[in-house]
Amino acid sequence: MKPSFSEVIKICNGKIFNLPAHIERMNSTLQSFFGSTIPFSLKDEDIPLEFREGLVKCRIVYSLENLEIEYSHYTFREINSLKIIHDNSIDYSFKYAERTAFEKLMAQKENCDDILVVKNGFVTDTSFTNVVFESDKGLFTPSTYLLPGTKRQTLLKERVIKEKVIRIEDIEDYRKLYLINAMMGIEGNISIPISSLKIDSL
């Protein structure tokens, strides 16, 4: 069975955000798997009328033969705690529509709101975001990410954040971490104190 992939695009009050980065990742994914791409564009006038106000999540599920677009009004998940989960074999270098690997890890989060995945001792991502750590020296995102998120790439290009190797034992060097993805950035201040990370062992 050929895999399907997904993209999530932010729309706010009828304005589409960071579309070129999403199209670039779609084309790169299709080229990697199928050696070809499909034509795709999204314009403000394509947005259904009922989704032209407020914050909206546009989810695209696609493969070489199929493309589906879904719109939904978006509210931020309340994330106050993260359980650190070790998985040395997880691979999410492409944004698969199928998320079985994360579902299995989320089953281990206990009473925490989400997970922070550590692979071979290196900090990666949560189940649905990249992360940015804050210290007195600045803002840093792990170089050992699972998925090269579009918001992460934008913040790196704008030099708002820097890439850095962050091991699990380095976490205590930071005071908090931000969750970032296509729908939310650092300016949204979706952050968690380091003290709210549940670490069973290093």
Side-chain angles (χ1 to χ4, degrees), residues 1-12 14-47 51 55-72 74 76-77 87 89-103 105 114-117 119 122-132 139-164 166 178-188 190:
M1 183 177 177
K2 294 182 179 179
S4 294
F5 305 91
S6 70
E7 282 292 323
V8 171
I9 299 173
K10 176 182 176 179
I11 299 174
C12 189
K15 178 184 176 183
I16 300 169
F17 284 76
N18 211 12
L19 182 60
H22 291 287
I23 293 177
E24 180 181 348
R25 185 163 64 183
M26 289 173 67
N27 286 336
S28 176
T29 297
L30 290 170
Q31 192 68 44
S32 295
F33 278 82
F34 307 111
S36 183
T37 61
I38 56 176
F40 173 75
S41 65
L42 185 67
K43 300 177 182 178
D44 292 349
E45 54 264 33
D46 296 329
I47 303 169
F51 295 109
L55 184 60
V56 169
K57 174 181 177 179
C58 173
R59 184 172 187 258
I60 302 167
V61 177
Y62 67 97
S63 64
L64 196 60
E65 298 87 9
N66 187 51
L67 189 146
E68 300 175 5
I69 302 178
E70 306 168 353
Y71 297 89
S72 60
Y74 186 80
F76 293 107
R77 284 174 56 185
D87 188 329
S89 61
I90 188 170
D91 179 13
Y92 197 67
S93 49
F94 295 94
K95 193 172 174 63
Y96 297 99
E98 176 65 54
R99 291 176 50 85
T100 304
F102 283 115
E103 291 170 2
L105 296 182
D114 206 274
I115 59 174
L116 181 63
V117 182
K119 183 176 182 179
F122 296 93
V123 177
T124 64
D125 297 332
T126 73
S127 74
F128 73 113
T129 72
N130 294 129
V131 294
V132 174
L139 298 168
F140 302 93
T141 189
S143 58
T144 48
Y145 56 87
L146 296 176
L147 181 75
T150 55
K151 173 61 74 173
R152 180 184 184 277
Q153 291 173 323
T154 298
L155 293 175
L156 284 169
K157 287 180 180 178
E158 295 174 349
R159 298 185 179 181
V160 175
I161 64 176
K162 296 178 181 178
E163 194 174 60
K164 186 176 182 180
I166 301 178
Y178 295 90
L179 308 183
I180 59 168
N181 61 19
M183 297 300 298
M184 56 195 193
I186 290 174
E187 70 280 357
I190 309 298

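Only this structure's heavy atoms are used, side chains among them; waters, hydrogens and symmetry mates stay out. All of these numbers come straight from a predicted model, not from anything done at the bench.
A 4.5 Å side-chain heavy-atom check between Phe51 and Ile11 finds every atom pair outside the cut-off. Between Ser72 and Arg59 there is no side-chain heavy-atom pair separated by less than 4.5 Å.
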**OP:** May I have the step-by-step check of side chain to side chain contact (heavy atoms under 4.5 Å, CB included) for Tyr178 and Met184, ending in yes or no?
**Re:** CA-CA 10 Å; Tyr178 295 90; Met184 56 195 193; over 6 Å; no
**OP:** Begin with the C-alpha distance, continue with both residues' side-chain angles, and end with the deciding distance and a verdict on side chain to side chain contact (heavy atoms under 4.5 Å, CB included) for Leu156 and Glu163.
**Re:** CA-CA 8 Å; Leu156 284 169; Glu163 194 174 60; 4.2 Å; yes
**OP:** Tell me, with the steps shown, if Thr126 and Val131 meet side chain to side chain contact (heavy atoms under 4.5 Å, CB included).
**Re:** CA-CA 7 Å; Thr126 73; Val131 294; 3.6 Å; yes
Subject >> Verdict with reasoning, Leu155 to Ile180, per side chain to side chain contact (heavy atoms under 4.5 Å, CB included) >> reply: CA-CA 10 Å; Leu155 293 175; Ile180 59 168; 3.9 Å; yes
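Note that OG of Ser6 and CD of Glu68 are 11.5 Å apart. Values are rounded to the nearest 0.5 Å. In this structure, OG on Ser127 lies 10.0 Å from CG on Leu116, to the nearest 0.5 angstrom. To the nearest 0.5 Å, atom CG of residue Leu19 and atom CG of residue Asp44 are 9.5 Å apart. One finds the CG atom of Leu179 at 9.0 Å from the CZ atom of Arg77 (value rounded to the nearest 0.5 Å). Here Met183 contributes atom CE and Lys57 contributes atom NZ; the two are 7.5 Å apart, rounded to the nearest 0.5 Å. Separation of atoms CZ (Phe140) and CD1 (Ile161) is listed at 10.5 Å; rounding is to 0.5 Å.
For Lys10 and Phe17, the positive end sits near the middle of the six-membered ring, less than 6.0 Å away and at most 45° from its axis.
The two residues Lys95 and Leu147 have their closest heavy-atom pair at N-CD1, 3.7 Å. In terms of heavy-atom proximity, His22 sits nearest to Ala182 at CE1-CB, 3.8 Å. Nearest heavy atom pair, residue Ile38 against residue Leu64, reads CG2-O, 3.4 Å. Phe33 and Pro3 make their closest contact through CD2-CG, 3.9 Å (heavy atoms, listed as atom of the first residue, atom of the second, distance). For the pair Ile90 and Phe102, the tightest heavy-atom approach, listed with the atom from each and the gap, is CD1-CE2, 3.9 Å. Across all non-hydrogen atoms, the minimal contact from Thr124 to Pro142 is O-CG, 3.9 Å.
Asn18 and Thr154 form a side-chain donor-acceptor contact under 3.5 Å, judged by distance and modelled atom types alone.
Checking side-chain atoms of Arg25 against main-chain N and O of Glu7 turns up no donor-acceptor pair under 3.5 Å. In this structure, the side chain of Asn27 does not engage the main chain of Thr37 through any donor-acceptor pair within 3.5 Å. Side-chain atoms of Asp87 do not come within 3.5 Å of backbone N or O of Val117 as any donor-acceptor pair. A distance-only check finds no donor-acceptor pair linking the side chain of Asn130 to the backbone of Arg152 [under 3.5 Å].
Using a 30° and 60° split on the angle between ring planes, Phe5 and Tyr62 fall in the tilted class, from 30° to 60°. Aromatic ring orientation, Phe94 versus Tyr96: perpendicular (interplanar angle above 60°, classes split at 30° and 60°).
Summarising the local packing, CD of Glu24 is surrounded by 12 or fewer heavy atoms from other residues, nucleotides or ligands at distances under 6.0 Å.
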